[in-house]
Amino acid sequence: MWNEIESAPREELEKIQLRRLQDTCQRVYHLVPFYKKKFDELGIKPADVRSLEDLKRLPFTTKQDLRDHYPFGLFTVPMDQVVRIHSSSGTTGKPTVVGYTKHDMEVWIEVMARTLSMVDVGPGDVVHNAYGYGLFTGGLGFHYGAEKVGAAVVPSSGGFTKRQLLLMKDFGATILACTPSFALHLAEVAKEEGYELKKDFKIRAGFFGAEPASQGLREELKEQWGLIYCEAYGLSEIIGPGVAAGCPYGNLHIFEDHFIPEVIDSETGEVLPDGEEGELVFTTVTKQALPIIRYRTKDVTVLHREPCKCGRTLTVMESVKGRADDMLIVNGVNVFPSQVEHVLTKVEGTTPNYVIVLDKKGVLDKLEVWVEVDDKTFADGIGALEALKARLQQEMLNDLYINVKIKLVEPKTLERSMGKAKRIIDKRDAEGLKK
Amino acid sequence: MIKKYGIKQLSIFLENRKGRLLEVTKALRDASINIRALALAESAEFGILRLVVNNPEKAKSVLSASGFTLREQDVFAVEVPDEPGSFCKVVEILSGADINIDYTYAFVGGGKKAVLIFKVPSERLEDAIKALLDSSMTLVEPVFFYD
């Protein structure tokens, strides 16, 4: 265990949470006009927060609020204190931006160190990090955490499967960090290349996250690689990976001395008791640059507060069961149908009539967008139509950060139900989809 | 001159899907429309069927009503002797006038004649017709195709 707070008695933990929550409320109320207005509308002053019970009286924050204050409107520090900025793709062109002070980076590295310590990663371990490096928090989050615990990091990022396998074998990687589907893809390619997984590789544990994984997929990864499966849960709005981490007993522990979880009824906003399924909500209580009050993750889960066999007293969340909105996860990247629509509307000459088709190519997700060609868009030339396709694919890559295959189709071939267009066809494993 | 020699061609967008070509041709047959010339361009996923028919207006409304994506295009037709070098000669004239050919197709007519159909960029259509007439080529009037 990296930090003894993880196994502290609940009362002690809650005392720390309350003190930090009170500080955070003071901070956002006095430094962020958005929160002052929200608190005032509800008739709450930071001083009214006297117990953790008062958390439910505080206002929610949504992804839309982050977008409305693009880029730095919700930051509580001047930019000269910000040392890192990350962002995710936006739904209408504008991305969601998150910032970190030096202190926030320390918090992030701390929770990532705790994550890796679930299986005592440390000096002598080689962490093969195949999460994407860049604006996404996945790659760099694991990178800094691994350095903190004293392991050697191989910052391989995504893609180039065969080269990754070569490095994993030759560098003697002991820990694998990537999306579960990529871990399976690596296993399949390794077998094709003639490797014997358990003999040629030394992977003893894996940290898998950024997308949902079915129980079947988990078992397969454990079996094929012979590894301990640790789930990694996080979202950039809260900090990135490191919000919660799976212990070897398979329980996903929330690092709640930094991020206080609640589960609510998505419709009414009422807080639900432990054991009931609802939308996960987080309040950050140690962040400086971008503290967030009651952030609605749209992830659907259940919370439990019994101590775990691993010794941790931290709240356990079940693996995310689905989404309270229409967000899709494609190879670990979040995609909203509205983003696709935005690109189509932007590219001149396309009607917004489209269908998103999600399928598997091997174990990896494949996203196709079928776009109707109408009399207006239809240029009489193969070249012109191919150019339209290429342009749409390029714009999708620019805006959504993913490779989308565009297919031009005739009008009225797209399925419609009750006058409302059916926009999404998900042909992936029913357990692996988020809808 | 476009008015005199321009021929209405219909271009139809088709997904590469089994039976789709049959559906177009059936729709035309059921409306008693006669196809006078045709060409099919194809890519990996879709195709474009280009037709000159005896009644373009009727064909347009029939196909639109059946849900096809289509576009009307002005093309022109040149009648040449059915012998070596005829096609070359027409292309040479257009090339000499610095006119790009978007696409072309042809059919053999009666009496040792062949008819070549050309699509050029619309802003050069007038120039193309003029260049061919200046070189004493025989342009086919629409009435040859239409009823």
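Per chain, numbering begins at 1; letters A, B, ... match sequence-line order.
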- Task: Please report the shortest heavy-atom distance between B:Arg50 and A:Gly381, naming the atom on each side.
- Result: NH2-CA, 3.7 Å
- Task: Working to the nearest 0.5 Å, report the span between CZ of B:Phe13 and CG of A:Asp374.
- Result: 10.5 Å
- Message: Quick check on B:Asp98: does its CG atom have over 12 non-hydrogen neighbours (other residues, nucleotides or ligands) under 6.0 Å away?
- Response: no
- Kindly give the heavy-atom pair with the smallest separation between A:Asp380 and B:Gln9, and that separation in Å. OD2-NE2, 3.7 Å
- When rounded to the nearest 0.5 angstrom, what distance separates CG in A:Leu408 from CD in B:Glu15? 9.0 Å
- Kindly compute the distance separating CD (B:Glu23) from CD (A:Glu410), expressed to the nearest 0.5 Å. 8.0 Å
- Message: Quick check on B:Ile12 against chain A: is it the side chain, the backbone, both or neither that has a heavy atom closer than 4.5 Å?
- Response: backbone
- Query: For atom CZ of B:Phe107, is the number of surrounding heavy atoms from other residues, nucleotides or ligands below 6.0 Å larger than 12?
  - Reply: yes
- More than 12 heavy atoms of other groups within 6.0 Å of B:Glu42 CD: no
- Residues in residues 69-85 of chain B that sit under 4.5 Å from chain A, counting heavy atoms only: B:Thr69, B:Leu70, B:Arg71, B:Gln73
- Query: For A:Lys191, does the NZ atom sit with more than 12 other heavy atoms under 6.0 Å from it, leaving out its own atoms?
  - Reply: yes
- Message: For the CD atom on B:Glu92, are there more than 12 heavy atoms of other groups (residues, nucleotides or ligands in this structure) within a distance under 6.0 Å?
- Response: no
- Could you give the distance from CG (A:Leu385) to CD1 (B:Ile48), rounded to the nearest 0.5 Å? 5.0 Å
- Query: Does any heavy atom of chain A fall under 4.5 Å from the side chain of B:Phe68, the backbone, both, or neither of them?
  - Reply: both
